[in-house]
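In what follows, a single structure is set out as structure tokens and then discussed.
In listed order, ligands and their atoms are each counted from 1. What's counted below: heavy atoms across the whole structure, side chains too, no hydrogens, waters or symmetry copies. Heads up: numbering here begins at 1 and tracks the sequence. Just so it is clear, the structure is predicted and the values come from calculations on it, not from any experiment.
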Amino acid sequence: MSAPRVTLAPAERTTADSLPVLYLKRREDRRVRLGHPWVFSNEVDTAKSPLVDLDPGETVQVCASNDTPIGVGYVNPRSLICVRMLGANPRIRLDRAMLSHRLRRALALRTRIFSRPFYRLAHGEGDALPGLVVDRYGDVLSVQIGTAGMERARPDVISALEELIGPRAIVLRNDLAGRTLEGLSIEVETASGTAPERIEIEEDGIRFLVSVLGGQKTGWYFDQRQNRQRIVPYVAGARVLDVFSYTGGFGVRAAVGGARQVVCVDSSRPALEQLEENARLNRVEAVVQTLPGDAFHVLKELAAAGERFDVVILDPPAFIARKKDIKRGTEAYQRINRLAFGLLEPDGFLVSASCSSHLSRERLRGLLFSAARSQRRALQIVEQGHQGPDHPIHPAMPESEYLKLYLTRSFRPGVAPVINGSVSDRADLPLPPQGIGTS
Ligand code: SAH
């Protein structure tokens, strides 16, 4: 039996072909009607609209149990996220014209913000393009297709990007783990043109080499750009530890910003080799050092050796990839932050980020506070950071606000602060209210 077809109003019948209908169970339509772009498989009325009748990536009309159309989306019957909505208009299709229109709108935002062509051009649901990420490295585009629905539209994605940007090359970095859940193959290929081995980008005057074919994700983490800028006032003359450094987004920035010494820790040797090259490219190799290894282990060793830093930056990978990892992942954040506080000079700055959408901003703040307390330090939150504006947040989707960063100062109550580079003779910092910051 095939899925029931939706009947469209006469005005729509002329432009829209009919689609299979997917019915939601009673009361399961609320979240989607409020604009959340996902339907989970347990919300579908499979008796009325069997999922087995649908092919992965097929476009459907989603209806509430009372027959009210909610919108159009594409399905993947095998995935827990069963439908990704494309919009409320019943005529919406994931075709060349729609992709072109939405990519153009995404580009208009980026060109308004950035003077140079280095940014995330399309950010999935945040740009109403579920399953599609496009990073722009000048005239080279690095694309990730994450869902069966977007995979079906691959030729249209490529041709829409070719028309919009006229790139030298389009690389498909389809090696993201989520593709397996969608039943898609893991592959890296060049979809058009010829991609150079590495490409130079620039962030606020600092040069970085990006490996679009072999680097992590699409090659570069654009989401931290503004947070990298944020650290500059705190690093002049400082001894800085950049943990989970990758190719030096923070560390090289700190060195150019006048840090006395920067030690960068990462478990990926290729990333650290690239970091060293990035340091040379910006003529700061004399102050930048790399330490390969597991961050938890390296930080313990640094502490045992009595090393101390004025600024510690923590930008770990997502320790909580899925809901079931929440407990273990939260503990990992706690441990790494505690280790970081243990390495800070008495009056130091900890910059601590989390890119796990399952760890809320409040939870991160709470665990920073308790990690500071466990090291007998008072804590001030000085600045807060987010993912950059080229990673727009979907307003109905709290999980799309995934990147959180706190820039904190922490100190030992009673220890004199450093003022203009020298220790002042009076401890004139406001002490925390009684009981706060000391245990
Ligand atoms: N701060 C970087 C991005 C960090 S991405 C920037 O601004 O560009 C997270 C990094 O953590 C990756 O480079 C990955 O290689 C590294 N990593 C993952 N697990 C690690 C571990 N246990 N110890 C050290 N590094 C780790």
Side-chain angles (χ1 to χ4, degrees), residues 118-120 135 137 142 173 175-177 198 201-204 206-212 214-232 235 240-257 259 262-279 281-282 288-302 311-321 325 328-329 331-337 339-340 343 350-356 359 385-388 390-391 402-407:
F118 310 117
Y119 41 69
R120 174 152 293 189
D135 280 344
Y137 303 104
S142 185
R173 284 300 303 263
D175 50 348
L176 58 165
R198 285 175 315 165
I201 64 159
E202 185 230 287
E203 264 191 21
D204 305 308
I206 302 167
R207 298 157 69 193
F208 294 97
L209 285 166
V210 173
S211 167
V212 279
Q216 296 181 16
K217 304 279 170 81
T218 75
W220 181 248
Y221 295 92
F222 280 120
D223 53 0
Q224 290 280 27
R225 175 182 178 147
Q226 278 153 335
N227 297 325
R228 296 185 186 117
Q229 181 66 19
R230 203 179 286 285
I231 65 163
V232 172
V235 297
V240 176
L241 181 66
D242 178 12
V243 190
F244 307 103
S245 63
Y246 188 46
T247 57
F250 280 100
V252 172
R253 171 78 59 117
V256 175
V262 184
V263 178
C264 299
V265 179
D266 202 283
S267 56
S268 159
R269 278 178 192 271
L272 292 181
E273 279 162 21
Q274 186 66 77
L275 188 152
E276 284 164 8
E277 209 173 338
N278 287 335
L281 200 60
N282 293 281
V288 175
Q289 274 178 28
T290 54
L291 265 182
D294 171 57
F296 293 87
H297 181 72
V298 173
L299 264 56
K300 268 185 219 150
E301 290 204 323
L302 287 170
V311 179
V312 177
I313 297 155
L314 292 181
D315 183 18
F319 288 148
I320 313 175
D325 307 327
R328 230 192 22 213
E331 281 163 11
Y333 283 109
Q334 253 150 1
R335 247 182 306 132
I336 200 74
N337 280 283
L339 287 168
L343 284 168
L350 173 65
V351 181
S352 185
S354 162
C355 61
S356 297
L359 186 79
H386 306 82
Q387 64 218 56
D390 48 347
H391 295 62
Y402 69 97
L403 184 63
K404 286 80 54 176
L405 175 139
Y406 284 107
L407 195 156

Donor-acceptor side-chain pairing of Tyr221 and Asp315 below 3.5 angstrom: no

Donor-acceptor contact below 3.5 Å, side chain Glu276 vs main chain Thr290: no

Validation row, ring centre Phe250 to ring centre Phe244 under 6.0 Å: no

For Arg225 against Asp204, the heavy-atom pair lying closest together: NH2-OD1, 3.4 Å

Considering all heavy atoms, the nearest Ile336-Leu314 contact: O-CD1, 3.8 Å

Neighbouring protein residues of ligand 1 - any heavy atom closer than 4.0 Å: Gln216, Tyr221, Arg228, Phe244, Ser245, Tyr246, Gly249, Phe250, Asp266, Ser267, Ser268, Gly293, Asp294, Ala295, Asp315, Pro317

Ring center gap for Phe208 and Trp220 short of 6.0 angstrom: yes

